[in-house]
Amino acid sequence: MTNATQSLPVPSLLVELLVQELPPKSLKKLGDSFAETVTASLKRQGLAANDVAATPFASPRRLAVHIEHVAAQAADKSVSQKLMPVAVGLDANGQATPALLKKLRSLCGNAACPPVSQLTRAIDGKAEALFLDSVAKGATLAEGLQKAIEETLEKLPIATMMTYQLGDGWSTVNFVRPAQGLVALHGQEIVPVEVLGLTAGRETQGHRFEAKMNPLILRDADSYAQYLEAEGAVIAAFPARREEIERQLKAAAAGGNLDLIEDDALLDEVTALVERPHVLVGQFDSRFLDVPQECLILTMKVHQKYFPLLAKNGALSHKFLIVSNIHPADARQIVAGNERVLRSRLADAKFFFDQDRRRTLASRVAGLDKVVYHNKLGTQAERVERIWAIAQAIGLQLGGNEFAAKASEAAMLSKADLLTDMVGEFPELQGIMGRYYAKHDGLADDVADAIEDHYKPRFAGDALPRNMTGICVALADKLETLVGMFGIGQTPTGDKDPFALRRHALGVIRILIEKELSLPLDTLLEQTTDIFGRKINETPEALSDFIYERLRHYFLSSNEQTFGLGDHADMNAVDTATTSPALSRPTFSPQQVDAVLALRPQRLSDVKKRLDAVRAFAALPEAESLAATNKRVGNILKKADVRIEDEINPAFLQAPAEQALHDALSRIVPGADAAFAAGDYNASLQILAALKQPVDGFFDNVMVNSEDEALRSNRLALLAQLHHAMNRVADISRLAT
């Protein structure tokens, strides 16, 4: 290659796949995956540098990527291929053996094989081997891009493929949607590649109605986005289109002195539905505002993809925003059409709401015996009876008979709204509608709130139930699900968790910890198991392990994003969710968390205090030595070959160092135990730090495994007392490095 050739700029590459309307909820992921996989493949083949800039594009009808500085051909590579050991390939005279000649012929093909003198000899392991050095020709861009696109289409995160027929009437291909065009431009030149029955060219399609012309003829790779927007009325980049929609939404809301209900998921979905966004303002009849606003918001957002607006007092407005895909001179017909569609939807919601209120929630409970919950666990009516019994037991422990009665009432009505028309149409509103109907029936506020709140927390950062009645029912609901599903073997596997058991476990953890409930976990699980009777096996140890593993993750995560598993949408968008204390909790090291959880503390509300105490202890100068010693003591006790007595016999304390340790334990441990009993775990561990000197003296001067069995047994008893005293708050040995 000449210096003049080397100085020429390296062109950019554009690849675009034109497709029928892509699934909107998957578009962003598809676009990112398309760009990343094409780029990564070209890098691996040496056609693009590792730090090359790549820009993804994704619109409802296209996936594309623009990659800067892509070579027309990859550089040649030196290749060294092992042939065989020298002892096998060469005879005593240094000539090639038949085995070596056969190997060379298979590698060289029709080309002339190199003489033996040109083979490289090198040590491979313990023996010397022969190597064939050659130069591999770098891949051309056409070869590399063909491979890259084929790899990309295979790896796209497509949930469901379509099979469709090509234009020849015979061939079929599989893809997420029928592909209609392929562009591959290297600078201004077409790269000759084929995929999905399409041959690459420079033609693409602009907006169906607003492009200045169709098809659009692309001049070069670098002008793609600008040309497509100017001539084709398409904003090809997903982030740019999303930013433009958000700008227009906020401007329209501000223009009406209203506030936008922000929803990132809805914004992403709408961005995937339009190529040239145009925000319009619509409105509906104010009489529909008598319907619970959650119903109205759900109808607008989920079914119509509209953006609801709030008045400055926080109430839902009768105005909403539409994101249109066209820019007519007069948009009144578009607005009127959308208002007409929404009017029908809201009329249905109002009808359901009015009809549902003709019956009380209590009158619907009996109908739950016709709704199957799980074929091994019975009907929803049976499930409600179990939740009622669990909630009553929890209520008795937390507040006595009066408190248990309210929890029982809320539990009995907790699933009744599943039989309402509104929840039948909008399952996302379960619990929410139960609260409205309970209030209509004249039930107490805390009972009505508990009916809604027993599903909480639904997602990451969701608020916990707002009152203790809701806390009881929420715990009961989650414990019933966990124990029941584990009891019949329906446990999460990998990414699959159809019954949202991870979410339920985290819900139990958050409620017990953040509401500081002194309820032992083992007692809760045993009570719940007893209520199931013979419907399940005994609650397996796996459930306890499962909950403690989620607890570990809870304290190791600074932001518990795994909490949202998608089985409940956030329909309380008009209520500012209370930020969970879990999201701003201090961090603890894995060793500190493991030290506390190794003891399986049953009162989860104590775990945070234990962790604080362990973290403070770990900062002491004595901590590292005591942790290492504690680990040593544990190993000694495990290997003990004699019975370890519960009591120490002072008569066998012969060495001054063991007498000193015994005296220290007698003086120090009672104070540590008293602090522990009072729940002051920090003071308990701080007091025990004073044991460092006598413990060090013991191990420096005393032989534990004395030949005298009585002495050995007594010294082991002394160590057992030390071990017990040191490990009441946490397993201190886990802090040893």
Side-chain angles (χ1 to χ4, degrees), residues 159 371-380 382-387 389-391 393-394 411 414-415 418 427 430 454-460 462 473-513 519-557 560-569 582 590 593-594 596-604 607:
V371 181
V372 176
Y373 168 52
H374 191 284
N375 62 349
K376 292 184 179 180
L377 298 175
T379 65
Q380 284 286 3
E382 292 175 275
R383 183 188 185 201
V384 165
E385 288 180 4
R386 293 191 293 266
I387 295 172
I390 300 165
I394 293 172
S414 61
K415 306 297 180 185
L418 297 177
Q430 57 188 277
H454 85 278
Y455 288 107
K456 294 179 178 178
R458 293 183 177 96
F459 51 87
D462 193 15
V473 185
L475 269 178
D477 179 68
K478 291 163 179 56
L479 288 167
E480 192 277 341
T481 302
L482 287 164
V483 172
M485 291 304 166
F486 268 80
I488 60 173
Q490 295 284 345
T491 57
T493 55
D495 293 335
K496 295 181 180 179
D497 187 10
F499 299 102
L501 300 186
R502 294 185 180 96
R503 181 178 64 82
H504 284 298
L506 279 164
V508 170
I509 289 166
R510 281 193 58 197
I511 290 171
L512 292 176
I513 291 176
L519 296 173
L521 180 63
D522 54 355
T523 302
L524 291 172
L525 296 180
E526 287 168 8
Q527 289 175 339
T528 305
T529 302
D530 292 342
I531 287 166
F532 273 91
R534 295 183 178 180
K535 278 193 175 292
I536 64 170
N537 299 318
E538 285 295 312
T539 305
E541 188 68 22
L543 175 55
S544 183
D545 293 340
F546 179 76
I547 292 174
Y548 279 101
E549 180 56 34
R550 303 314 299 168
L551 180 62
R552 182 179 188 275
H553 186 76
Y554 173 88
F555 279 110
L556 288 178
S557 298
E560 193 58 66
Q561 292 298 328
T562 57
F563 204 66
L565 298 175
D567 56 332
H568 282 285
V593 174
D594 290 344
V596 171
L597 298 189
L599 301 187
R600 292 292 182 97
Q602 294 302 316
R603 285 182 170 79
L604 304 192
V607 173

- Message: So if I apply the side chain to side chain contact (heavy atoms under 4.5 Å, CB included) rule between T481 and each of H374, R503, R383, which one comes out positive?
- Response: R383
- Item | Approximate separation, where rounding is to 0.5 Å, of Q380 CD and E385 CD | 12.0 Å
- Between F546 and A505 the two heavy atoms that sit nearest each other are CE2-CB, 3.6 Å
- Message: How long is the straight-line distance from CD1 of I394 back to CD of Q527, given to the nearest 0.5 Å?
- Response: 7.5 Å
- Item | Derivation of the side-chain contact (heavy atoms from CB on, under 4.5 Å) call for Y548 and I509 | CA-CA 9 Å; Y548 279 101; I509 289 166; over 6 Å; no
- Query: Do V607 and L597 have side-chain heavy atoms sitting under 4.5 Å apart?
  - Reply: yes
- Could you tell me which non-hydrogen atom of P492 sits nearest to which non-hydrogen atom of L501, and how far apart they are? CD-CD1, 3.8 Å
- Please step through side-chain contact (heavy atoms from CB on, under 4.5 Å) for the pair F499 and H504, ending with a clear verdict. CA-CA 9 Å; F499 299 102; H504 284 298; 5.9 Å; no
- Message: Less than 4.5 Å apart, side chain to side chain, heavy atoms only: is that true for L377 and I488?
- Response: yes
- Query: Run the side-chain contact (heavy atoms from CB on, under 4.5 Å) check on L482 and T528 step by step: do they pass?
  - Reply: CA-CA 10 Å; L482 287 164; T528 305; over 6 Å; no
- Query: Does a salt bridge link D545 with R552, judged by any charged N lying under 4.0 Å from a carboxylate O?
  - Reply: no
- Item | Considering all heavy atoms, the nearest A476-I387 contact | CB-O, 3.6 Å
- Side chains of F532 and T529: closer than 4.5 Å at any heavy-atom pair? no
- Message: Show the nearest heavy-atom pair for residues I511 and A474, with the distance to one decimal.
- Response: CD1-CB, 3.9 Å
- Task: Please round to the nearest 0.5 Å and tell me the distance separating atom NZ of K456 and atom CG of D462.
- Result: 6.0 Å
- Salt bridge between K415 and D477, side-chain N to carboxylate O under 4.0 Å? yes
- Looking at side-chain heavy atoms only, is the closest gap between L524 and L512 below 4.5 Å? yes
- Residue pair Q430 / L418: nearest heavy atoms and the distance that separates them: OE1-CD2, 3.8 Å
- Message: Could you check whether any side-chain heavy atom of F555 comes within less than 4.5 Å of a side-chain heavy atom of I513, counting everything from C-beta outward?
- Response: yes
- Query: Atom CD in E526, atom CG in L521: separation rounded to 0.5 Å?
  - Reply: 9.5 Å
- Item | Donor-acceptor under 3.5 Å (K478 side chain, H454 main chain) | yes
- Message: As an exercise, state the distance from CG of L556 to CG of L551, rounded to the nearest 0.5 Å.
- Response: 9.5 Å
- Message: Could you check whether any side-chain heavy atom of K376 comes within less than 4.5 Å of a side-chain heavy atom of I536, counting everything from C-beta outward?
- Response: no
- Query: With side chains defined as the heavy atoms from C-beta onward, is the minimum distance between I547 and V508 less than 4.5 Å?
  - Reply: no
- Answer yes or no: is there a side-chain heavy-atom contact under 4.5 Å between I390 and V483? no
- Task: Check whether the side chains of E382 and Y373 place a donor and an acceptor atom closer than 3.5 Å, and report yes or no.
- Result: no
